[in-house]
2 protein chains.
Amino acid sequence: MAGIKDVAKKAGVSVSTVSNVINGRHAKMGARTLRRVQEAIAELNYTPSAVARQLKSGHIKTLGLVVPSVANPFWGNVSQLIEKAALKRGYQVLICNAERDPELEANYMTSLQGSLIRGTILGSSPVSFDHLREHSEKGMHIGAFDRASRGAEGIVSCSVSVDQDLGARLATRHLIGLGHKKIAFISGPIGTSSRIARLEGVQRELSKVGLSIDEDLIWLGPQAAGFGDSQAAELGRTAARELLTRDDPPTAIFAVNDMYAIGACSGARELGYRVPDDLSVVGFDDIIMAKVMEPPLTTVRQPVEQMAELMVARLIETLEDEDGPAEPHVILRPELIVRSSTAARKNSDSINSGTEK
Amino acid sequence: MAGIKDVAKKAGVSVSTVSNVINGRHAKMGARTLRRVQEAIAELNYTPSAVARQLKSGHIKTLGLVVPSVANPFWGNVSQLIEKAALKRGYQVLICNAERDPELEANYMTSLQGSLIRGTILGSSPVSFDHLREHSEKGMHIGAFDRASRGAEGIVSCSVSVDQDLGARLATRHLIGLGHKKIAFISGPIGTSSRIARLEGVQRELSKVGLSIDEDLIWLGPQAAGFGDSQAAELGRTAARELLTRDDPPTAIFAVNDMYAIGACSGARELGYRVPDDLSVVGFDDIIMAKVMEPPLTTVRQPVEQMAELMVARLIETLEDEDGPAEPHVILRPELIVRSSTAARKNSDSINSGTEK
DNA sequence: GGTAGTGTGTGTAACGTATTACTAACCAGA
DNA sequence: TCTGGTTAGTAATACGTTACACACACTACC
């Protein structure tokens, strides 16, 4: 690979001159010199080394992005939106799949920090941020996506999230309004702040009308860790099968996200249940698939485009501005999108005796 | 940030000694010295600068990965599998969303090359690789994923792909066997090698039984570029609506990938068509969603785990071994997965007069 | 003729690490 | 005492770039 010195030698000038050309500082440069340098660059097929530049300048216009898994369409979509928003501001994005594993997360963070990256968006949101305190103290600015900052003060610089609690309450209220009383909540291991908030929202809304959620109806999957988001649909299917083969099955399921909801629909159908006639299902996120599946899914929409924009803007502000963003923590309103996977509860007797096997 | 020099000073040794400790060369080192260095590292919270290392060593254990879009579940899944395979071999992966745009692709490649990356897996597969010739000549090794090497000799170092033609033929044969004669092919802009191969496969198989595909039944979407993979489902839906409202609609649709197929099912349902009773739909890829949707999708499975493994292994071999992999180009067999989105053709009269509006 | 100003470039010290060649100390054997 | 070999650690250099101070040749002006 040709370096700046080779170019300088070929053009018969000093390296500084070449550097000036590369960086567009040729205002007061002889036309002949400029041309000779440009020719040498073209001839040698020279590309400046980004690495050397970084080493010299001490920082780099790149943001880290840690997500549970791009194999999950929600996070795949978010990743793309974040990348687009960052690119627009001259930043690149480094995507890391952390599989909701705190150790992997910390490893990635170390590696990002070694690359001189000073800002990272954290899409996965474990309850505790303790494993990231060290990095935060070393100067890594962390932006939390999809989780409020509560519980991570001093570690998280900014955050953008939907009001998880409100979202869950909207969904629950909708189901209650349709006459459902036995509402199940399904999720994978509940180790993230957003999931906890969603569950609490359900409980809060139910208790407002004098109902409460039976412990049995909170399905959290195999407690064993290591379940990435690729299995979400599969877990949702299992959840539905387990819940619906019980003696007194729920008439509605609120899933922690759309992938679980899709899986739940599938599991229910396998048992002969029709959605929404025999079982109502509500998801969360409103991924593209939700609109297109059969039946179209009732779900809680997160305004992801807007969230991605805000997140990137906030994080870049904390990096570039002396005193950071004026309002570092923003919480947006989710929106309930009613489609066809929910319906009024049928007479429960007919379900119990009719459809069940 | 503490540097190696700070550590050396604190421990009272030279920088080289610290370097030796970091890189595990402390076999013949005094126990006391070793301990002092380790303590200093811990106390200063020192992390070696990856950038400086790269600059010094001249290369880096990172692979580039250029995909059309991680928002497409197929590519999201592939990205994750490739990352896992690379990590296992001590390599990291840099994911880039190129949106099937040759210019963006070339830009990313330049940026990767500036980062000293010497190997990139190309998931998007435009027909022509000319825009990458320059990078290949500068020493970037390119591995083509999901497309054969034909037409890219001298630019692509290795490739892993499914036999696209065979996959399309399996799907077509299946539909023919069910009595379908009017089979539509739907896809976005047909600017990639894999898509062309799939279309050709359909045509070849049809002509084997004396049928041929009507030009009108090849639906390629709006020719305008810029359609990323996030719109795939939406395009599939539009395709179905357009095809099925014609005078003499097809009885089966073969979609270029599962997202289009899912969209097509949705579009068909909106018009009152039942899948598979009134319309058979076949996809390609076998993404997770295919099994779980309603009806479960008949599709052509790509063995993505195996492909990711092979791709990473091949590319690393070309980087590390003098003479590269023994067999750089591998083509795997796809498999037809028959589920419930395909069925025998009904009497065509009943369709024409009965269901259509 | 001296000073200042302007237009063009050059020389060199960093950035944080890895590597090479080197030194100093010690020991064993003749 | 000398040679040779091992061990433990050091000093110096290079990696490719950028930023800053400086050099040189003109012109202009008092």
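Below, each value reflects all heavy atoms present in this structure, side chains not excepted, and no hydrogens, waters or symmetry copies. Below, read A as the first sequence line, B as the second, and so on, with proteins coming before strands; counting in each chain starts at 1.
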For this session: For side chain to side chain contact (heavy atoms under 4.5 Å, CB included), just list the numbers for A:R147 and A:T192, CA-CA rounded to whole Å, side-chain angles, deciding distance to a tenth of an Å, and then say yes or no.
Result: CA-CA 9 Å; A:R147 80 102 88 195; A:T192 72; over 6 Å; no
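Looking only at side-chain heavy atoms (C-beta outward), B:T47 and A:K138 come within less than 4.5 Å of each other. Under the 4.5 Å side-chain criterion, counting only non-hydrogen atoms from C-beta, B:T62 is not in contact with B:Y91.
For the 3.5 Å distance criterion, the side chains of B:H131 and B:E105 qualify, holding a donor opposite an acceptor. A donor-acceptor contact closer than 3.5 angstrom is absent between the side chains of A:T120 and A:H141. Defined by atom type and a distance below 3.5 Å, a donor-acceptor pair is missing between the side-chain atoms of A:Q92 and A:E83.
Between the axis at the start and the axis at the end of the helix from C:dG1-D:dC30 to C:dA30-D:dT1 there is an angle of 70°, using five pairs per end and rounding to 10 degrees.
Within 6.0 Å of the CD atom in A:E153, the count of heavy atoms belonging to other residues, nucleotides or ligands exceeds 12.
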Exercise. For every nucleotide of nucleotides 10-18 of chain D, 5' to 3': is a protein heavy atom under 4.0 Å from its base (B), only from its sugar-phosphate (S), or from neither (-)?
Worked result: BBB-BBBBB
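Using a 4.0 Å cut-off between charged nitrogen and carboxylate oxygen, B:E309 and B:R314 do not count as a salt-bridge pair.
On the nucleic acid side, DNA chain C has its first and last nucleotide under 4.0 Å of a heavy atom of chain B at C:dC15 to C:dT19, going 5' to 3'.
B:I155 CD1 to B:R133 CZ: the interatomic distance, rounded to the nearest 0.5 Å, is 3.5 Å.
Nucleic acid contact for A:G58: none, since no nucleic acid atom lies under 4.0 Å from a heavy atom of the residue.
The closest donor-acceptor contact from the side chain of B:N23 to the backbone of B:S19 lies under 3.5 Å.
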